[in-house]
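Here the structure comes first, spelled out in structure tokens, and everything after it is commentary.
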Amino acid sequence: AWFHAEAAIANAAQEDAGGAADTTPVAVLAAPSRFLGEIAAGPGSLYVVVDVEDLGDPPETPPRIEVTMPAAGAVRQVAEAVEIEGDRLAFTVASLGVRGRFDGRVIGDGRYVGELVLAAANRPDATTVFTLDRRDVVEHRPDARNYRGRLRIRPEVAIEMTVTVADDDGLGPSAGLSIPAQGVDRMPMLVEGIEGGTWRLRLPVGAAPLSLELAEDPEAGELSGTLRQAGAELPLELSRVAGEVAAGPARPQHPEPPFPYVVRDVEFRHPHGHALAGTLTLPRDASAEAPVPGVVLVSGSGLQDRDETIFGHKPFLVIADALTRGGIAVLRCDDRSVGGSGGDAANATTFEFATDADAATEFLKSQAEVD
């Protein structure tokens with residue numbers, strides 16, 4: 001779905017975005033702010049949430065943009081190569097072998113419009129346009145209402161979920177969904193309409209998008225109706241709960257700079273010609289005269305970036321930090337076709353993936369600081 005944007009859809013969207021940009025006054029980007037919506041990509045679409053957390057004060061404090069694209073495995077992933085100037089916002093996000101470059105501007109009615117260029121190894125770049133709507137972060141709204149209950153999937157299986165809703169405050173109504181058992185933490189939802197107190201919500205993720213049609217009874221403190229997904233229709237009854245929705249699991253193990261060791265972005269060539277990119281961390285006292293042991297981290301099944309990022313976790317970042325603080329050099333790399341690495345992953349065998357690990361090991365052994 002990422003790589004076959006239809007020309008007709010893209011052209012129509014370009015005309016819409018271009019017309020809006022030409023006739024609507026520009027607006028200066030603000031923080032914090034959130035933009036969300038669907039981006040046409042081939043026969044399907046990408047659901048994208050862009051959170052502008054901090055505009056930064058370069059070079060001391062860089063801007064911080066967090067991007068959520070569930071279909072690409074990105075959940076609140078920190079964007080790279082951020083550029084902010086007035087109403088313009090551009091950034092890059094890489095996940096699951098795809099690198100996307102967003103470049104657009106905020107227009108007067110609050111929308112973020114522009115172009116998205118998608119790139120991956122051994123595939124031509126694909127360009128599509130996007131229009132994302134400005135919405136408030138629902139859990140930050142003082143009028144937000146939280147409803148919690150259990151969705152019974154089968155008689156013996158039920159999962160807890162929380163739906164948060166807030167009325168239109170000028171930017172439109174907002175809604176969010178949390179399902180702890182499935183790793184869904186305050187995921188923004190699209191509000192398709194509110195009619196007679198009934199909320200129609202949608203989460204367009206993957207091949208089985210989820211939709212909710214829930215009637216709100218403020219006096220009784222209830223939100224009830226139907227959940228639809230993959231052809232199933234399940235009754236859902238939620239009760240209002242006081243206070244804020246508990247935050248998702250904290251990640252205090254994620255190390256933050258400044259680091260007490262050397263961090264190098266590296267790139268080296270595989271014998272077959274493609275480049276492999278990664279991060280090498282070295283104890284500060286490592287040298288050719290006093291080399292240290294070295295470790296290469298190798299991912300398991302599936303394509304992973306150098307941090308092995310998944311659902312907000314970064315296991316390889318945590319492991320590399322711990323080992324390097326303990327005096328060990330660590331090399332962690334993007335898998336072939338992921339992030340900065342090239343190569344053909346779609347047709348690669350297990351043996352070929354093993355040669356990537358071997359190439360990484362040989363590169364690490366060639367470093368003067370590594371024993």
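All values below come from the heavy atoms of this structure, side chains included, with hydrogens, waters and symmetry mates left out. One-based numbering along the sequence shown. Source: prediction; values computed, not measured.
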**Heavy-atom check, side chain of Tyr147 versus side chain of Leu236, under 4.5 Å** = no
**Request:** State, with a plain yes or no, whether a side-chain heavy atom of Glu115 is found less than 4.5 Å away from one of Asp103.
**Result:** no
**Item:** Val52 side chain reached by Ile65 side chain, heavy atoms, under 4.5 Å
**Value:** yes
**Complete:** For residues 270-297, the salt bridge (Lys or Arg N to Asp or Glu O under 4.0 Å) pairs (sequence neighbours left out) are none
Using residues 196-203 as the side-chain source, report each donor-acceptor pair under 3.5 Å to any protein atom, sequence neighbours left out, with the distance given to one decimal.
{"residue": "Trp199", "atom": "NE1", "partner": "Glu216", "partner atom": "OE1", "Å": "3.1"}
{"residue": "Arg200", "atom": "NH2", "partner": "Glu192", "partner atom": "O", "Å": "3.4"}
{"residue": "Arg202", "atom": "NE", "partner": "Glu192", "partner atom": "OE2", "Å": "2.6"}
{"residue": "Arg202", "atom": "NH1", "partner": "Glu38", "partner atom": "OE2", "Å": "3.3"}
{"residue": "Arg202", "atom": "NH2", "partner": "Glu38", "partner atom": "OE2", "Å": "2.6"}
{"residue": "Arg202", "atom": "NH2", "partner": "Glu192", "partner atom": "OE2", "Å": "3.3"}

**Complete:** The side chain to side chain donor-acceptor pair (under 3.5 Å) partner of Thr92 among Glu83, Glu80, Arg101 is Arg101
**Prompt:** Can you list the residues that meet the salt bridge (Lys or Arg N to Asp or Glu O under 4.0 Å) rule with Asp334, with sequence neighbours excluded?
**Reply:** Arg306
**Within-4.5 Å side-chain heavy-atom neighbours: Leu238 and Thr162** = no
**Message:** Tell me the closest heavy-atom pair linking Leu118 and Gly100, and the distance in Å.
**Reply:** CD2-CA, 4.0 Å
**Request:** State, with a plain yes or no, whether a side-chain heavy atom of Val113 is found less than 4.5 Å away from one of Val129.
**Result:** no
**Prompt:** Do Val48 and Tyr112 come close enough that some side-chain heavy atom pair is under 4.5 Å?
**Reply:** no
**Asked** Can you tell if the side chain of Met189 reaches within under 4.5 Å of the side chain of Val163, non-hydrogen atoms only?
**Response** no
